[in-house]
Trainee: 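One structure coming up, written as structure tokens, with questions to follow.
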Amino acid sequence: MEIVYQPYYSDPEFQSLIERIHPPRVCIDNDACQDCTLVKVDSANKHGILLEMVQVLTDLDLVISKSYVSSDGGWLMDDQLGNKVTDETLIVYIQQALSDTRRRGGIPKELQACLKQEVKPCHVSTEYTAIEMTGRDRPGLISEISAALYELRCHVTAAVAWTHNARAACIIHIEDGLKGGPIIAPKLLAQVHEKLESVVDAHHESDECRSVRLTAPAAGRTHTERRLHQLMYADRDYEQCQGCDGSCGQWNGCTKTHVMIEACREKGYLVVNLRCRDRTKLLFDTVCALTDMQYVVFHAAISSKGTMADQEYFIRRQDGCSLNTESERQELAQCLIAAIERRVSDGLRLELCTLNKMGLLSDVTRVFRENGLSITRAEIGTHGERATGSFYVTDASGDEVNLRTVELVRQEVGGSALMVYKSPNGTSRASSSSISRTSSGEVEERAKFSLGNLWSQLERFSENLGFNKS
């Protein structure tokens, strides 16, 4: 007997009506557990809603290390547990943001001041011209790009760059360095596009996957980090990814990323089990991959144990089709591994904090290049007269940087402006709790569990979902 499942879609007007009748309900409970905050969200389910909710929390530098997700009959429930969140301003913002995940523009400035957050690139900028680039990675690429922008009198207000499997992707927000504000002059935009294409093409004229795209300020821009995932996915950086399917027999001892995909024919699900090193934004990255590959998460269980994280997803394709071939399953596994690996950076982390000025990114990255340092990941943001950022660097061969070289770089950039931190395999020490500030201690040990044992518990959560606490 063949079971056919209906595609996951509905009439847009009907979906909008459902959302108006049943808007998301959010409960933040600090009384249910002694050292945890429980966040309950009950909302109409739609494609991408889980990613939007996770995005709200990760943008606040909160860490989710345990989560239950269940959606039956078109409804979604998401529970996250962690160290208590007691700041009333933060609690109110979380409630408002989760109730309306369509809101744009990033975290309000007053909330950033209240939380004493570091200056970071705005994940959804509506004020500056955005540049998106993908291409083959090489030492000095970021330096050449930023130098080209400085030459054209473009001021970099924010930039995020990732490298993975010899590919690079970056999103840079720029403004007119002379007049301020977004760049809208067609002639200058054409000059910027032509110049950056020549930089990306240098040494690799046959690179058909490279791209340079400029976009004007817009309210509907995609979240920066999600867009980076989309760019690298389109660039097919996942093709060389290799994990472990459990055949090594060391699910608990192997440090490789484990991916197991099995069919649950009774319910029409694909069951995806992931095990990898725990770190911040891990859930965001894996849900990004599933969402952009047009999969719908119907049930999920997330937990961490020591330095490792376990994720289990029950998914279906949005169009209702199933994965019938081994090559399709392999591509899904490779894409999940790539999403996990892109944010993992070896080498040294250099933290920048200095005065904002025209050409700052060009100056700093030039010093890196002249001293033989290669950037594997970068993030820089500006706010008024202040600029902060982080750079993950190796030597030109991808090996660990000589500390004497780092000291020379610090002296040239400015010793007080550049701090050095070791980044062991990109593993963050900030994963101590489900919802906690990322400056907290070691990862708390949690037991692995399976969704197969959670159905009754999930049903109880859905039935008893209360909203009288905040």
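Because only heavy atoms are used, hydrogens play no part in the values below, and waters and symmetry mates are left out as well, while side chains stay in. Computed from a prediction, not measured in an experiment: that's the story for all the values here.
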Trainee: Work out which heavy atom in Asp395 is nearest to a heavy atom in Glu400; give both atom names and the distance.
Mentor: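 Here Asp395 and Glu400 meet closest at OD2-O, 3.9 Å.
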Trainee: Could you check whether the rings of His223 and Phe284 sit parallel, tilted or perpendicular, using 30° and 60° as the cut-offs?
Mentor: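 If you compare the ring of His223 with that of Phe284, the planes turn out tilted.
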Trainee: Report yes or no: does Asp137 contribute a side-chain atom to a donor-acceptor pair with the main-chain N or O of Asn165 at less than 3.5 Å?
Mentor: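 Pair absent, no side-chain N/O of Asp137 close to backbone of Asn165.
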Trainee: To the nearest 0.5 Å, what is the distance between CG (Leu355) and OG1 (Thr382)?
Mentor: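 Leu355 atom CG to Thr382 atom OG1 measures 12.5 Å (nearest 0.5 Å).
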Trainee: Just verifying a value: how many Å separate Asp235 CG and Arg136 CZ, rounded to the nearest 0.5 Å?
Mentor: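 Here the rounded value is 10.0 Å.
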Trainee: Does the plane of the ring in Phe298 sit parallel, tilted or perpendicular to the ring in Tyr269? Use 30° and 60° as the thresholds.
Mentor: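 Judged by the thresholds at 30° and 60°, the geometry between Phe298 and Tyr269 is tilted.
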Trainee: Output yes when a side-chain donor or acceptor of Gln334 lies under 3.5 Å from a complementary backbone atom of Glu239, and no otherwise.
Mentor: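 Yes, because the side chain of Gln334 sits within donor-acceptor range (under 3.5 Å) of the backbone of Glu239.
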Trainee: After noting the C-alpha distance and the side-chain angles of Arg349 and Glu351, does the key distance pass the salt bridge (Lys or Arg N to Asp or Glu O under 4.0 Å) rule?
Mentor: CA-CA 6 Å; Arg349 185 176 92 248; Glu351 293 283 350; 2.6 Å; yes
Trainee: Determine the sole option in Leu98, Leu51, Val41, Leu62 for which the side-chain contact (heavy atoms from CB on, under 4.5 Å) test with Val56 is passed.
Mentor: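 The residue from Leu98, Leu51, Val41, Leu62 that satisfies side-chain contact (heavy atoms from CB on, under 4.5 Å) with Val56 turns out to be Leu98.
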Trainee: Any chance the side chains of Asn273 and His258 put a donor and an acceptor closer than 3.5 Å?
Mentor: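 Their side chains do not contain a donor-acceptor pair, so the 3.5 Å distance test is not met.
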Trainee: Looking at Glu312 and Ile302, what are the two nearest heavy atoms and their distance?
Mentor: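 Here Glu312 and Ile302 meet closest at N-CD1, 4.4 Å.
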Trainee: Can you give me the closest heavy-atom contact between Ser143 and Thr365, atom names plus distance?
Mentor: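 Scanning both residues, the minimum pair turns out to be CA-OG1, 3.3 Å.
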Trainee: Does a side-chain heavy-atom distance below 4.5 Å link Ile94 with Leu60?
Mentor: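 The answer is yes; the side chains approach within 4.5 Å.
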Trainee: Can you find a pair of side-chain heavy atoms, one from Thr307 and one from Asp278, that are under 4.5 Å apart?
Mentor: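 Thr307 does not reach Asp278 side chain to side chain.
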Trainee: Looking at every heavy atom in both Arg277 and Leu282, which two are closest together, and how far apart are they?
Mentor: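 So the two residues come closest at O-CD2, 3.9 Å.
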Trainee: With a 4.5 Å cut-off on side-chain heavy atoms, are Tyr313 and Val287 touching?
Mentor: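 A side-chain contact under 4.5 Å exists here.
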Trainee: Quick check for you: to the nearest 0.5 Å, what is the distance between Lys256 atom NZ and Gln242 atom CD?
Mentor: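 Separation between the atoms: 7.0 Å.
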Trainee: As an exercise, state the distance from CD1 of Ile91 to OG1 of Thr86, rounded to the nearest 0.5 Å.
Mentor: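 Answer for the CD1-OG1 pair, Ile91 versus Thr86, is 6.5 Å.
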Trainee: Do the side-chain N and O atoms of Thr286 and Gln311 include a donor-acceptor pair separated by under 3.5 angstrom?
Mentor: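 On atom types as modelled, these side chains qualify, holding a pair under 3.5 Å.
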Trainee: Taking all heavy atoms of Ala263 and all of Leu270, pick out the closest pair and write down the distance.
Mentor: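 Closest pair (atom of Ala263, atom of Leu270, distance): CA-CD2, 4.2 Å.
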Trainee: Is any NZ, NE, NH1 or NH2 atom of the basic residue among Arg410 and Glu407 found under 4.0 Å from an Asp or Glu carboxylate oxygen of the other?
Mentor: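 Looking at Arg410 and Glu407, the cut-off is met.
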Trainee: Are Ile172 and Met133 side-chain neighbours, meaning at least one heavy-atom pair lies under 4.5 Å?
Mentor: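 Contact flag for Ile172/Met133 side chains = yes.
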Trainee: Looking at Tyr295, does the NZ or CZ of Arg316 lie under 6.0 angstrom from its six-membered ring centre and within 45 degrees of the ring axis?
Mentor: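 Checked: cation-pi criterion not met.
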Trainee: The test is side-chain contact (heavy atoms from CB on, under 4.5 Å); show your working for Val420 and Val401 and say whether it passes.
Mentor: CA-CA 11 Å; Val420 182; Val401 180; over 6 Å; no
Trainee: Using modelled atom types and a 3.5 Å cut-off, is there a donor and acceptor pairing between side-chain atoms of Asn371 and backbone atoms of Leu373?
Mentor: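 Side chain of Asn371 to backbone of Leu373: no pair is present.
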Trainee: Using atom types as modelled and distance alone, determine if a side-chain donor or acceptor of Arg25 lies under 3.5 Å from a backbone N or O of Lys40.
Mentor: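 No, the answer is negative, given that no donor and acceptor are paired below the 3.5 Å cut-off.
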Trainee: Do the side-chain N and O atoms of Thr163 and Thr376 include a donor-acceptor pair separated by under 3.5 angstrom?
Mentor: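 No pair is found: no donor N or O on one side chain lies under 3.5 Å from an acceptor on the other.
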Trainee: Which atom names give the shortest non-hydrogen contact between Ile171 and His173, and what distance separates them?
Mentor: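 So the minimum-distance heavy-atom pair works out to CG2-NE2, 4.1 Å.
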Trainee: Would a distance-only check, ignoring hydrogens and angles, find a side-chain to backbone donor-acceptor pair under 3.5 Å from Arg226 to Cys288?
Mentor: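 No, the answer is negative, given that no donor and acceptor are paired below the 3.5 Å cut-off.
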Trainee: If you round to the nearest 0.5 Å, how far is OG1 of Thr157 from CG of Leu361?
Mentor: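 Between Leu361 CG and Thr157 OG1, I get 11.0 Å after rounding to 0.5 Å.
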Trainee: Is there a donor-acceptor contact under 3.5 Å from the side chain of Thr257 to the main chain of Cys276?
Mentor: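 No, Thr257 side chain to Cys276 backbone: no donor-acceptor pair under 3.5 Å.
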Trainee: Is there a donor-acceptor pair closer than 3.5 Å between any side-chain N or O of Thr291 and the backbone N or O of Gly48?
Mentor: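 Looks like no, no N/O pair under 3.5 Å.
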Trainee: When rounded to the nearest 0.5 angstrom, what is the spacing between CG in Leu336 and CD in Glu341?
Mentor: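 The distance works out to 11.0 Å.
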